[in-house]
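All chains are named by letter (A, B, ...) in the order of the sequence lines, taking the proteins before the strands, and each is independently numbered beginning at 1.
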Protein chains: 2
Amino acid sequence: MLMGVAERKERHKEDLKREILDAAKSLFTEKGLEATSIRAIAEKIEYSPATIYLYYKDKNEIVHALHSEGFKLLVSYFNVLNHITHPFERLKGMGRAYIQFAVQNPDTYMLIFNMDEPLQHVANCFEEWNEGDRAFDILLKTVKDCQNHGYFSGFVPEQISFVIWSTMHGLCTLRTTGHLGHVAVARSGNQSLDALMASTFETFVTVLEKLKN
Amino acid sequence: MLMGVAERKERHKEDLKREILDAAKSLFTEKGLEATSIRAIAEKIEYSPATIYLYYKDKNEIVHALHSEGFKLLVSYFNVLNHITHPFERLKGMGRAYIQFAVQNPDTYMLIFNMDEPLQHVANCFEEWNEGDRAFDILLKTVKDCQNHGYFSGFVPEQISFVIWSTMHGLCTLRTTGHLGHVAVARSGNQSLDALMASTFETFVTVLEKLKN
DNA sequence: GAAAATTATGAACAGTGTTTAGTAAATCTT
DNA sequence: AAGATTTACTAAACACTGTTCATAATTTTC
């Protein structure tokens, strides 16, 4: 077999994997994870359902691939903050980026953080949530930088990091599930959900700022 | 038909609804929500699958019923705190109770707060999350009481409440999904997950206490 | 007892993820 | 170019799922 042919076929194989993933992602975000079938994905890319199993072992493996891509997307939201030198400003930027990611990609957010199906999958192959590990390391490092600038004095950086992560994750999850909207409707006037999230976040930032000196 | 007979049959009907619910709950917590079938529930109570549909319209209605019971259980965790007169102590107690509920009933916790299937169901019949509304009202009232004792001065009570809710919910969700455990393993020595949650919570309480006077 | 009303079910429908045996096509060898 | 071989694909089936409906069994009423 010629070398160029092998490459072309390999490329075609990668293309089809992409097509499957794109179709799956589109259907997942449209109809939800459980509600989209392999048959629907197959129909969208105009192949037989069985063909999909030549490129992905499982439906789980497809979900897993999307999970992986979602994480890379989240990291890309953080990467625009590298130029911010002041650590607390960078921390604030991370919070805003995290919220923005969750608001703009609610399905991906739930897929990454709150779906239990891929979790068992992730529990088996550890490599995956090392990405989550690295993300936490970035947060932890930023918190320590903040401490060098007088913030969070007297606190254990790991614990402050856990509190921050919890608050951001809770806020984003409550928004994505709709609970925040439900409870907020009557209580916070007629400001939009996004405005409510923003003001809640700003309040949290104010709380954190009180820990300075 | 005799009156006593009608009552007996009515009681039997209620009994069977309970049996179905208990079997469903047991299977859900054991195998997960999506992985337990109507047929499995039917087999567990030794009835035909079709019989279940005489007592519950849907699988969704069963989930919904469990959702409702889960909320009542959460409220029962809060009810033991009524005797605490100091509002901030009561607030701390609520946090601890919330954590305890999530740790002791992880499936119910995810069912109530982070499952998207019953959410659409809930979105249609509004009565349900009024329970969530009332829970938030209790939190809001407690926060206001705290403000009357010098806590959270200068803050909007609704926003402080949202921050508190987010933090607690985020912490419990991260724990239940396993993310907290995964990230914590390497980072926080060999203290148990429960200890880690407790210390994170205490750190959060310390942060809130800094907002006093 | 017979008639009426209730309660339970077997069988079927349309859907799911997944596997396998077999076909069609592209490639390599001669 | 022709035949052999590897590759790419698919139709059909399997064992499931939630759900419905005609039918059967049981219980209540008369």
Side-chain angles (χ1 to χ4, degrees), chain A residues 1-21 23-25 27-28 30-67 115-118 120-121, chain B residues 1-21 23-25 27-28 30-67 115-118 120-121:
Chain A
M1 187 196 269
L2 292 170
M3 218 50 194
V5 176
E7 277 172 27
R8 176 166 57 79
K9 294 197 80 172
E10 192 59 37
R11 208 165 45 237
H12 173 67
K13 190 155 187 166
E14 288 305 314
D15 284 355
L16 201 41
K17 284 195 88 167
R18 258 257 68 80
E19 269 191 75
I20 292 170
L21 223 56
K25 182 169 188 173
L27 287 170
F28 283 169
E30 188 187 346
K31 313 211 179 207
L33 213 157
E34 225 68 41
T36 61
S37 62
I38 296 284
R39 282 171 176 84
I41 297 171
E43 193 175 4
K44 185 147 193 160
I45 62 169
E46 294 179 291
Y47 275 86
S48 154
T51 302
I52 291 183
Y53 289 86
L54 299 177
Y55 296 86
Y56 291 96
K57 170 178 149 286
D58 262 334
K59 189 180 181 182
N60 257 322
E61 197 168 293
I62 298 176
V63 172
H64 185 255
L66 287 175
H67 177 110
M115 216 74 100
D116 44 344
E117 189 165 30
Q120 293 160 338
H121 199 256
Chain B
M1 187 198 266
L2 291 170
M3 219 49 195
V5 175
E7 277 173 26
R8 175 168 57 79
K9 294 199 81 173
E10 191 57 38
R11 207 164 49 236
H12 177 263
K13 189 155 188 167
E14 288 305 314
D15 284 355
L16 203 40
K17 286 196 85 167
R18 257 256 71 80
E19 268 191 76
I20 293 170
L21 222 57
K25 181 170 189 173
L27 287 169
F28 283 168
E30 187 188 346
K31 312 212 178 206
L33 212 158
E34 225 67 41
T36 61
S37 63
I38 295 285
R39 282 172 176 82
I41 298 172
E43 194 175 4
K44 185 147 192 161
I45 62 168
E46 293 178 291
Y47 275 86
S48 155
T51 302
I52 290 183
Y53 289 85
L54 299 176
Y55 297 88
Y56 291 96
K57 171 177 149 286
D58 263 334
K59 191 180 182 182
N60 257 321
E61 196 168 293
I62 298 176
V63 173
H64 186 254
L66 287 175
H67 178 111
M115 217 74 100
D116 43 344
E117 188 166 31
Q120 293 160 337
H121 199 256

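- The number of heavy atoms from other shown groups lying within 6.0 Å of NZ (B:K59) is above 12.
- Side-chain atoms of A:K59 lie closest to C:dG17 of the nucleotides D:dT10, D:dT20, C:dG17.
- Taking 4.5 Å as the limit, every side-chain heavy atom of A:Y47 sits out of range of all side-chain heavy atoms of A:I20.
- Atom OH in A:Y56 sits roughly 16 Å away from atom P in D:dA8 (whole-Å rounding).
- Between the CG atom of A:L16 and the CD1 atom of A:I45 there is a distance of 5.5 Å, given to the nearest 0.5 Å.
- One atom, CD of A:E19, and another, C1' of D:dC9, lie 15 Å apart when rounded to the nearest Å.
- Applying the 4.0 Å criterion to OP1 and OP2 of D:dC9, one finds that A:S48 has every side-chain N and O outside that range.
- The side chain of A:I38 sits closest to C:dG17 out of D:dT10, C:dT9, C:dG17.
- A:Y56 places a side-chain N or O within 3.5 Å of a backbone atom of A:K17 that can act as its donor or acceptor partner.
- The CG atom of B:L16 sits 10 Å away from the C1' atom of C:dA8 (whole-angstrom rounding).
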Derivation of the side-chain contact (heavy atoms from CB on, under 4.5 Å) call for A:I62 and A:I38:
CA-CA 10 Å; A:I62 298 176; A:I38 296 284; 4.2 Å; yes
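- Distances from the side chain of B:D58 to the nucleotides D:dC9, C:dT18, D:dT19 place D:dT19 closest.
- Mapping A:A50 and A:A40 onto DNA chain C by nearest heavy atom places A:A40 at the nucleotide closer to the 5' end.
- At whole-Å resolution of the value, CD1 in A:I62 and P in C:dG17 are 9 Å apart.
- You'll find that the side chain of B:R39 is closest to C:dA12, out of C:dA8, C:dT16, C:dA12.
- Nearest to the side-chain atoms of B:T51 among the listed nucleotides C:dT9, D:dT19, D:dT10 stands C:dT9.
- The distance between atom CG of B:L54 and atom P of D:dC21, rounded to the nearest whole Å, is 13 Å.
- Comparing C:dT18, C:dA8, D:dT10 by their closest approach to the side chain of B:Y55 singles out C:dA8.
- Contact between the side-chain N/O atoms of A:Y47 and the OP1/OP2 oxygens of D:dC9 is found at a separation under 4.0 Å.
- Summarising the geometry, the separation between CD1 on B:I52 and P on D:dG18 is reported as 9 Å, rounded to the nearest angstrom.
- Rounded to whole angstrom, the span from the NZ atom of B:K31 across to the C1' atom of D:dT17 amounts to 15 Å.
- Straight-line distance from the CD1 atom of A:I41 to the P atom of C:dG15: 17 Å, rounded to whole Å.
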